[in-house]
Amino acid sequence: MILEQLKKIVDSCFKQGVSEGKWSNKAAGKYSIEVPKRDGQGDYSTNMAMVMAGMEKKNPREIATALVELLRADNTMIEKLEIAGPGFVNIFLKKKVWQDVLQQVFIAGNDFGKSTVGNGKRVMVEFVSANPTGPLSIGHGRQAILGDAIARLLEATGYSVYREYYFNDAGRQMRVLGQSTRARYLELLGKDFEFPEDGYQGEYIVDIAKALQKEQGDSLVEEETVVPFTEKAVELIFADISSTLKRMGIIFDNYFNEHTLYDEGHIDSVVQELRDKGLVYQKNGAVWFKTTEFGHEQDRVIIKKTGEPTYRLPDIAYHREKFKRGFDWMIDIFGSDHIATVPDVMAGLKALGYDHEKVTVVLHQFVTLTRNGKQVKMSTRKATFVTVDELLDIVGPDVARFYFMMRKADSQLEFDLDLAMSEEKENPVFYVQYGHARLCSILRKAEELENMIPDLQKVNLALLTEPEEIQLLKRMASFPEVIESAAHDLAPHRALFFLMELAGDWHSYYNKHKVIDPEHVEQVVTDARLCLVKALRQVFKNGLEILGLTAPDRM
RNA sequence: GGUCCUGUAGCUCAGUAGGAUAGAGCACUAGAUUCCUAAUCUAGGUGUCGCGCGUUCGAAUCGCGCCAGGAUCACCA
């Protein structure tokens with residue numbers, strides 16, 4: 001907000017310069033205003049003079065001087081101006097500008113940091129989408145948290161968000177699941193059994209078999225089909241998955257079953273439509289989609305010679321349904337192993353006449369687990385993987401969520417179990433949460449002393465002049481921008497880093513300055529600082545909440 | 001071989017539309033607590049930003065070419 005105001009001032013000075021013939025309009029929109037890295041270089045700085053220098057063939061410092069003269073006319077925000085380095089104009093703002101941030105925080109309250117830039121646009125975030133063959137693995141965990149955090153950020157910036165989980169409980173994988181379950185069931189009853197070669201070896205299959213035994217006794221021994229086994233397995237695994245998601249605080253608006261696409265004829269109609277457009281042909285008994293028409297290296301099979309579709313076809317049909325359901329924007333969160341499917345789906349959508357740019361795919365890299373400094377080997381087949389549930393048992397939902405959000409999607413994520421389990425010093429989750437708890441503690445103390453939280457209108461905010469206080473005010477002021485940019489770039493980690501930095505500023509301040517200390521701190525200063533504390537608590541609370549983390553009052 | 005991602009301090013990683021002397025946490029060392037929670041703070045130092053060339057006032061950031069690691073290239077999903 002402060003940046004926006006300053007931008008207006010700078011822009012109008014730029015225009016004034018144009019109308020006075022000091023420079024041309026060429027640099028419009030090319031220059032920027034940013035926060036300098038180092039102290040002493042102002043609250044903000046602009047590179048306008050340097051951008052212009054190249055275009056106008058003039059000395060940047062001359063332009064900077066002219067710009068400074070124009071900016072000097074402002075007396076609302078600007079305290080001081082300096083020309084530095086190769087031609088930066090450093091802008092120092094009045095302290096009052098920062099002190100007034102507290103007003104904004106109090107007025108906005110729980111909404112501070114949120115915005116309406118999304119303008120109510122309907123966005124679907126599809127994530128997790130694991131088929132019910134077993135418990136959620138660590139990789140799913142990352143995706144679940146990443147997707148949910150992106151959804152939360154979009155909600156915070158004014159989008160209307162719909163969370164969807166796409167799954168398929170049919171096909172070969174389900175047969176194998178049923179066969180595995182039957183084998184375990186027979187094993188439990190001491191009968192002969194044959195475990196499928198590529199069967200699911202996890203302990204959870206045994207649990208499912210036990211549940212079946214409890215409900216059905218030995219009545220399924222003579223069962224010819226695999227159906228009751230598959231059904232039970234799917235039922236229990238799905239219950240397990242949704243309870244894991246619930247533990248992580250994730251609630252989907254809808255679970256979309258691939259079946260729907262067949263039952264309602266969407267698969268057939270996609271094929272028909274592509275056929276009508278001449279983009280489909282028969283070869284070797286299979287049906288091929290001419291993806292080469294869309295710049296791909298080779299065509300792809302969409303219906304096998306067995307008559308079954310490959311995964312591409314339902315994926316395309318599913319995305320078409322998303323469009324038909326009227327979403328303005330569709331975000332898919334996938335693991336990097338899905339990379340090959342993306343171009344095929346996009347080609348399908350293009351072929352069907354949809355604007356594929358409304359689909360954004362976020363691919364995240366893998367997760368590795370380390371423990372005692374060594375990488376934990378994970379294999380689903382051998383069931384040596386760590387499930388999200390087990391992880392939650394070990395570290396709890398806040399820590400799990402925090403760690404999964406700590407890296408940008410493009411980076412591989414190393415999950416250090418030792419660090420995550422630590423309840424002391426080095427755990428960044430507690431560092432941030434402790435910041436909030438400390439603020440609560442001070443406010444409790446204020447109440448105990450019947451000090452009461454002072455009325456903002458009566459407090460003299462001009463008493464907040466310590467460098468650490470200005471730093472905290474600045475940091476708070478940037479919160480809405482951070483949330484907006486994190487949402488825009490679908491990058492929750494950036495909001496998390498903000499909270500860690502805010503916590504750092506706050507812990508330093510806490511150790512250096514007293515808020516409540518009748519002997520050394522004047523009451524009027526305490527009042528002002530209590531306002532600062534209250535506002536800080538609000539920012540911590542909002543930030544933690546937007547990311548789905550809890551904000552404990554005490555620790 | 002094609003496509004995508006990654007390569008920044010001993011380790012794990014930030015670095016938003018190219019900006020000034022490249023940052024944080026961990027680890028290591030030494031200190032800080034009569035009083036708002038020491039799950040905290042303060043002070044110590046490290047870098048050919050994988051390599052090379054180019055674009056320009058200016059490159060970790062953009063382009064091209066290499067090198068290394070990961071993912072993926074089914075009539076599996």
Side-chain angles (χ1 to χ4, degrees), chain A residues 30 32 34 36-38 41 45 47 50-51 53-54 60 84-88 90 129 131 133 168 171-173 258 283-288 296-298 300-306 308-312 314-315 335-343 363-366 368 370 373 406-414 416 419 422-431 433-435 437-446 448-449 481-482 485-486 488-489 491 493-494 496-497 500-501 503-504 506-521 526 529-530 533 554-555:
Chain A
K30 303 265 169 127
S32 65
E34 42 200 62
K37 281 186 192 132
R38 308 190 73 82
Q41 295 178 337
S45 79
N47 61 356
M50 287 174 306
V51 171
F88 289 101
N90 293 340
S129 296
N131 289 337
T133 59
N168 173 17
R172 204 187 72 91
Q173 50 170 355
E258 191 181 319
K283 194 177 104 186
N284 301 337
V287 179
W288 296 70
H296 296 197
E297 279 185 12
Q298 49 185 312
R300 297 292 182 181
V301 170
I302 51 171
I303 300 178
K304 303 180 234 176
K305 58 184 167 202
T306 60
E308 279 178 303
T310 62
Y311 67 90
R312 289 182 194 94
D315 275 3
S336 61
D337 53 335
H338 279 63
I339 186 152
T341 80
V342 175
L363 287 169
H364 64 87
Q365 300 293 315
F366 284 172
T368 54
T370 54
M406 215 158 39
R407 304 292 172 233
K408 60 181 176 201
D410 283 341
S411 294
Q412 288 194 20
L413 188 155
E414 177 165 321
D416 185 334
L419 185 58
S422 159
E423 291 194 3
E424 291 184 33
K425 306 179 189 194
E426 61 267 22
N427 198 326
V429 187
F430 297 123
Y431 186 79
Q433 291 184 323
Y434 185 50
R438 258 188 164 164
L439 290 158
C440 292
S441 168
I442 290 178
L443 292 169
R444 269 197 303 275
K445 183 82 177 180
E448 275 169 30
L449 295 175
E481 292 152 25
V482 169
S485 107
H488 178 265
D489 296 342
H493 76 281
R494 230 178 279 160
L496 203 60
F497 274 80
M500 289 193 269
E501 283 160 4
W506 160 235
H507 287 309
S508 293
Y509 175 72
Y510 178 92
N511 275 272
K512 191 161 176 187
H513 302 287
K514 287 284 190 179
V515 175
I516 302 169
D517 185 2
E519 285 178 29
H520 302 97
V521 180
T526 293
R529 289 182 178 174
L530 281 172
V533 165
R554 56 183 89 222
M555 290 172 73

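Basis for what follows: all heavy atoms, side chains included, without hydrogens, waters or symmetry-related copies. The structure presented is a predicted model; accordingly, all values stated were derived computationally and were not measured. Letters A, B, ... are given to chains in the order of the sequence lines, protein chains preceding strands, and every chain is numbered from 1.
- Nucleic acid contact for A/Ala437: base, since at least one base atom lies under 4.0 Å from a heavy atom of the residue.
- The listed nucleotides are B/A20, B/C36, B/C75; the one nearest the side chain of A/Val301 is B/C75.
- Distances shown here put every side-chain N or O of A/Ser45 at or beyond 4.0 Å from the OP1 or OP2 atom of B/G19.
- The shortest distance between the side-chain N/O atoms of A/Lys305 and the OP1/OP2 oxygens of B/C75 is not below 4.0 Å.
- Where stacking is scored as ring centres under 5.5 Å apart with planes under 30°, A/Phe366 does not register as stacked on the base of B/A71.
- Ranking B/A77, B/G15, B/C4 by closeness to the A/Thr341 side chain, first place goes to B/A77.
- A distance-only check finds no donor-acceptor pair linking the side chain of A/Ser45 to the backbone of A/Pro36 [under 3.5 Å].
- Among the protein residues, A/His364 comes within range of no part of the nucleic acid, since none of its heavy atoms lies under 4.0 Å from any strand.
- Within the 4.0 angstrom heavy-atom criterion, only backbone atoms of the sugar-phosphate kind lie near A/His493; the bases stay farther away.
- Across the protein-nucleic acid pair, A/Asp315 atom CG and B/A77 atom P stand 10 Å apart, rounded to whole Å.
- OP1 and OP2 of B/C75 both lie 4.0 Å or more from every side-chain N or O belonging to A/Lys283.
- Counting any heavy atom pair closer than 4.0 Å across all strands shown, A/Lys408 reaches sugar-phosphate atoms only and no base atom.
- Counting to the nearest Å, the C1' atom of B/C36 and the CD1 atom of A/Ile442 are 5 Å from each other.
- Whole-Å rounding puts the A/Tyr431 OH to B/C26 C1' distance at 13 Å.
- Within the 4.0 angstrom heavy-atom criterion, no nucleotide atom of any strand lies near A/Gln173.
- No hydrogens or angles were tested; on distance alone, nothing pairs the side chain of A/Thr310 with the base of B/A77 as donor and acceptor under 3.5 Å.
- Nucleotide B/U72 forms a pair with B/G2, judged by Watson-Crick or G-U wobble geometry with both contacts under 3.5 Å.
- Using a 4.0 Å heavy-atom cutoff across all strands shown, A/Ser485 reaches at least one base atom of the nucleic acid.
- Without hydrogens or angle criteria, A/Asn284 side chain to A/Ala286 main chain gives no donor-acceptor distance under 3.5 Å.
- One interatomic measurement links the two molecules: NE2 of A/His520 to P of B/C36, which rounds to 13 Å at whole-angstrom precision.
- Ranked by how close their nearest RNA chain B nucleotide is to the 5' end, A/Gln41 and A/Leu363 are led by A/Leu363.
- No engagement by A/Ala486 is indicated, since no non-hydrogen atom pair under 4.0 Å with the nucleic acid exists.
- B/G50 sits 23 Å from B/G58 when the C1' atoms are compared, rounded to a whole Å.
- Among B/A77, B/A38, B/A20, the nucleotide with an atom closest to any side-chain atom of A/Pro36 is B/A20.
- Between the A/Thr310 side chain and the A/Ile303 main chain, no donor and acceptor come within less than 3.5 Å of each other.
- Rounded to whole Å, the C1' atom of B/A71 lies 28 Å from the corresponding atom of B/G10.
- Across all strands, A/Gln433 comes closer than 4.0 Å to no nucleic acid atom at all (heavy-atom distances).
- Here A/Phe497 lies in heavy-atom contact (under 4.0 Å) with sugar-phosphate atoms only.
- Among all heavy-atom pairs drawn from A/Gln365 and A/Asp410, the shortest one is CG-O, 2.9 Å.
- In this model, the phosphate group of B/A38 is approached by a side-chain N or O of A/Arg438 to a distance below 4.0 Å at OP1 or OP2.
- Of the listed nucleotides (B/U42, B/A39, B/A38), B/A38 has the atom at the smallest distance from the side chain of A/Tyr510.
- Using a 4.0 Å cut-off, some side-chain N or O of A/Lys304 falls inside it from OP1 or OP2 of B/A77.
- For A/Asn511, whose side chain is taken as the heavy atoms from C-beta onward, the closest listed nucleotide among B/U40, B/C36, B/A77 is B/U40.
- The distance from atom CG of A/Asp337 to atom C1' of B/C73 is 13 Å, rounded to the nearest whole Å.
- Proximity of A/Tyr311 to the phosphate of B/C75: no side-chain N or O atom is located under 4.0 Å from OP1 or OP2.
- As rounded to whole Å, 11 Å separates atom P of B/G15 from atom CE of A/Met500.
- Here B/U12 sits opposite B/A24 as a Watson-Crick or G-U wobble pair (both hydrogen-bonding atom distances under 3.5 Å).
- No engagement by A/Thr306 is indicated, since no non-hydrogen atom pair under 4.0 Å with the nucleic acid exists.
- For the C1' atom pair drawn from B/U8 and B/G25, the interatomic distance equals 15 Å after rounding to whole Å.
- Among the heavy atoms of the strands lying under 4.0 Å from A/Asn284 is at least one base atom, whether or not backbone atoms are also near.
- Of the listed nucleotides (B/A20, B/G70, B/C36), B/G70 has the atom at the smallest distance from the side chain of A/Gln365.
- Comparing the same atom, C1', in B/U61 and in B/A17 gives a spacing of 11 Å after rounding to whole Å.
- The side chain of A/Asp517 lies closest to B/C35, out of B/C35, B/U40, B/U42.
- With rounding to the nearest 0.5 angstrom, the CG atom of A/Leu413 is 10.0 Å from the NE2 atom of A/His364.
- Residue A/Arg300 is in sugar-phosphate contact alone, with no base atom involved, counting any heavy-atom pair closer than 4.0 Å across all strands shown.
- The residue A/Ala340 sits close only to the backbone: its heavy atoms come under 4.0 Å of sugar-phosphate atoms, none of a base.
- The side chain of A/Glu258 approaches B/A77 more closely than any other nucleotide in the set B/C73, B/A20, B/A77.
- Between the side chain of A/Asn47 and the base of B/A20, no donor-acceptor pair of N or O atoms lies under 3.5 Å.
- The aromatic rings of A/Phe497 and A/His493 sit perpendicular to each other, their planes meeting at more than 60°, with 30° as the lower class boundary.
- A gap of 35 Å separates the C1' atoms of B/U48 and B/C41, to the nearest Å.
- The side-chain heavy atoms of A/Ile442 and A/Arg438, taken from C-beta on, include no pair separated by under 4.5 Å.
- Between A/Pro309 and A/Lys304, the closest heavy-atom pair is O-CE, 3.7 Å.
- Look at CG on A/Leu496: it is 17 Å from P on B/U16, rounded to the nearest Å.
- The listed nucleotides are B/C35, B/C13, B/U16; the one nearest the side chain of A/Lys514 is B/C35.
- Comparing atom distances between the A/Arg38 side chain and each of B/U16, B/A20, B/U21 picks out B/U21 as nearest.
- OP1 or OP2 of B/A77 has not a single side-chain nitrogen or oxygen of A/Thr133 nearer than 4.0 Å.
- Across every strand in view, B/U33 sits unpaired, with no contact that passes the Watson-Crick or G-U test at under 3.5 angstrom.
- For B/U48, there is no paired base (Watson-Crick or G-U wobble, both distances below 3.5 Å).
- The backbone N or O of A/Gln412 lies less than 3.5 Å from no partner atom in the side chain of A/Arg407, so there is not a single donor-acceptor pair.
- Glycosidic conformation at B/A30 (O4'-C1'-N9-C4 for purines, O4'-C1'-N1-C2 for pyrimidines): anti, more than 90° from 0.
- To the nearest 0.5 Å, atoms CZ (A/Arg300) and OG1 (A/Thr341) are separated by 10.5 Å.
- Remark: B/G19 base-pairs with B/C57; criterion is Watson-Crick or G-U wobble with both hydrogen-bond distances under 3.5 Å.
- Rounded to a whole Å, the CG atom of A/Asp410 is 16 Å from the P atom of B/A71.
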